[in-house]
Amino acid sequence: MTEKTPKLRAALEGVPTYKPGKPAAAEGPVAYKLSSNENPYPPLPGVLEKAVAAAGTLNRYPDMACTGLMAELAERFSVPVTHLATGTGSVGVAQQLVQATAGPGDEVIYAWRSFEAYPIITQVSGATPVQVPLTEDEVHDLEAMLAAITDRTRLIFVCNPNNPTGTVVRRAELESFLDRVPSDILVVLDEAYIEFVRDADFPDGLDLYRDRPNVCVLRTFSKAYGLAGLRIGFAVAHEPVAAALRKTAVPFGVSHIAQEAAIASLRSEDALRVRVSGLVEERARVVEALTAQGWTVPETQANFVWLRLGERAVDFAAACERAGVVVRPFPGEGIRATIGETAGNDLFLQAAEAFRKEL
């Protein structure tokens, strides 16, 4: 008798596996990890103490409604509690959004290259991904995204600043885009890196969502706040969308430790601004050095830089690793390097200079 394997959903065939940034080697020369857009610094003052105290209740389920955090977010961003939903990082909330809006036969539009989770969470839901190439300047092509809309479109992701290029869509262009998207299509403004933005023409998604019921804003505590390991993010959207997100959330997905750490982080805004300002200054130094070496670097407003290397991307990443630093290669396209500790950034710049001379 022939043994049969369990039947799995056909939609999973061909779904790419998410590739995390390669960690620094436990042994050998690699000392700095610049491959995952993590904050290189420990949690903000007071946060670790709150997290450790919260760990004493690990025998209990967390507050599934995240009551304390929701109240803190509502006050911090001047939005109704009913317009909020939390999840396991902004990517977790993004998956909930796809589950709530799109299934077999539906389409999800996003730029490419952009956040690599978008095609994964779209295909897992059984929906069809529609990838719209970036412009030559590595920016979202909003006109082409509008042209890609069909009667099957259910959701559009706009990653702003974009991961992995760091580029932004500016206010006038985004407002014009939103005004022309049909009102029954949800537009998700993924603002995971908003704290690092210094462009005066950058549009804060929260300003845009307030009078647009089809706009949802994603934020995270993983990047600027330095809570990547606790997996906590949130969405701001009008009540029907926020309610759907709470329905599609994994029960008890956000731990009590994460909730307490997030609240403490929100109450440490002054320290956050100082820390982010330091990273932004370091970003400027890295971009200036790369430009001086002869590299073309897209204008980045995130905590990373992007080099389009084409077929040399993997070779460049290997050269960086030999120099003692890990970056994130996208084979055939380019590499993304996070702004980390000064010493790690210096090693990256040295590797980039040496590689440039070999071209």
Identify the heavy atoms of [X] and [Y] that sit nearest to each other, and give their distance.
X	Y	result
Pro119	Tyr110	CB-OH, 3.0 Å
Thr220	Ala192	CG2-O, 3.6 Å
Asn39	Gly226	CB-CA, 3.9 Å
His140	Glu173	O-OE2, 4.1 Å
Gln293	Arg356	O-CG, 3.5 Å
Leu347	Gly324	CD1-O, 3.8 Å

Inset, instruction - Please work out whether the ring planes of Phe316 and Trp295 are parallel, tilted or perpendicular, with thresholds of 30° and 60°. - result: perpendicular
Inset, instruction - Classify the ring geometry between Phe115 and Tyr118 as parallel (under 30°), tilted (30 to 60°) or perpendicular (over 60°). - result: perpendicular
Heavy-atom check, side chain of [X] versus side chain of [Y], under 4.5 Å:
X	Y	answer
Ser277	Arg198	yes
Glu175	Arg212	yes
Glu72	Arg267	yes
Val287	Val305	yes
Ile109	Ile185	no
Val158	Phe177	yes
Val52	Leu48	yes
Pro251	Tyr61	no

Legend entry - N-O pairing of Glu358 and Arg312 below 4.0 Å: no
Inset, instruction - May I ask you to decide whether Arg171 forms a salt bridge with Asp199, counting only side-chain N to carboxylate O separations under 4.0 Å? - result: no
To the nearest 0.5 Å, tell me how far [X] [atom1] sits from [Y] [atom2].
X	Y	atom1	atom2	value
Arg154	Leu97	CZ	CG	15.5 Å
Leu84	Cys66	CG	SG	10.5 Å
Ile194	Arg219	CD1	CZ	3.5 Å
Thr122	Gln95	OG1	CD	9.5 Å
Asn163	Trp306	CG	CH2	9.5 Å
Arg76	Ile263	CZ	CD1	14.5 Å

Taking [Y] as the starting point, is it possible to reach [X] by hopping between hydrophobic residues whose side chains are less than 4.5 Å apart?
X	Y	value
Val297	Phe330	no
Leu174	Leu134	no
Val327	Val314	no
Val197	Ile339	no
Phe202	Leu272	no

Legend entry - Steps toward side chain to side chain contact (heavy atoms under 4.5 Å, CB included) verdict (Leu69, Phe234): CA-CA 10 Å; Leu69 176 58; Phe234 62 97; over 6 Å; no
Legend entry - Glu288 atom CD, over 12 foreign heavy atoms within 6.0 Å: no
Inset, instruction - Answer yes or no: does atom CD of Glu75 have more than 12 heavy-atom neighbours from other residues, nucleotides or ligands under 6.0 Å? - result: no
No-hydrogen, no-angle side-chain donor-acceptor test under 3.5 Å, [X] and [Y]:
X	Y	value
Thr167	Asn162	no
Asn345	Glu282	yes
Ser176	Arg180	yes
Arg328	Asn37	no

Expected output: side-chain [X] to main-chain [Y] donor-acceptor under 3.5 Å:
X	Y	value
His256	Gly56	no
Arg336	Ser35	yes
Glu333	Arg113	no
Gln259	Pro62	no
Gln96	Leu245	yes
Asn160	Val169	yes
Thr150	Arg152	yes
Ser268	Ala264	no
Thr135	Asp137	yes

Legend entry - Candidate pair Gln301 and Arg283, rule side chain to side chain contact (heavy atoms under 4.5 Å, CB included), full reasoning: CA-CA 9 Å; Gln301 293 291 324; Arg283 176 182 74 193; 3.9 Å; yes
Inset, instruction - Apply the side-chain contact (heavy atoms from CB on, under 4.5 Å) test between Val215 and each candidate in Val241, Val236, Leu178, Val188; give the one that qualifies. - result: Leu178
Inset, instruction - From the options Leu186, Ile149, Val108, select the one residue that forms a side-chain contact (heavy atoms from CB on, under 4.5 Å) with Ile156. - result: Ile149
Inset, instruction - Using ring pair (Phe, Tyr, Trp, His ring centres under 6.0 Å) as the criterion, point out the one residue from Tyr193, Phe196, Phe348 that pairs with Phe304. - result: Tyr193
Legend entry - Derivation and outcome, side chain to side chain contact (heavy atoms under 4.5 Å, CB included), residues Glu195 and Arg275: CA-CA 11 Å; Glu195 291 86 1; Arg275 181 168 294 179; over 6 Å; no
Inset, instruction - Might you work through the side chain to side chain contact (heavy atoms under 4.5 Å, CB included) test for Val91 and Arg231, ending with a clear yes or no? - result: CA-CA 9 Å; Val91 65; Arg231 311 310 304 125; 3.6 Å; yes
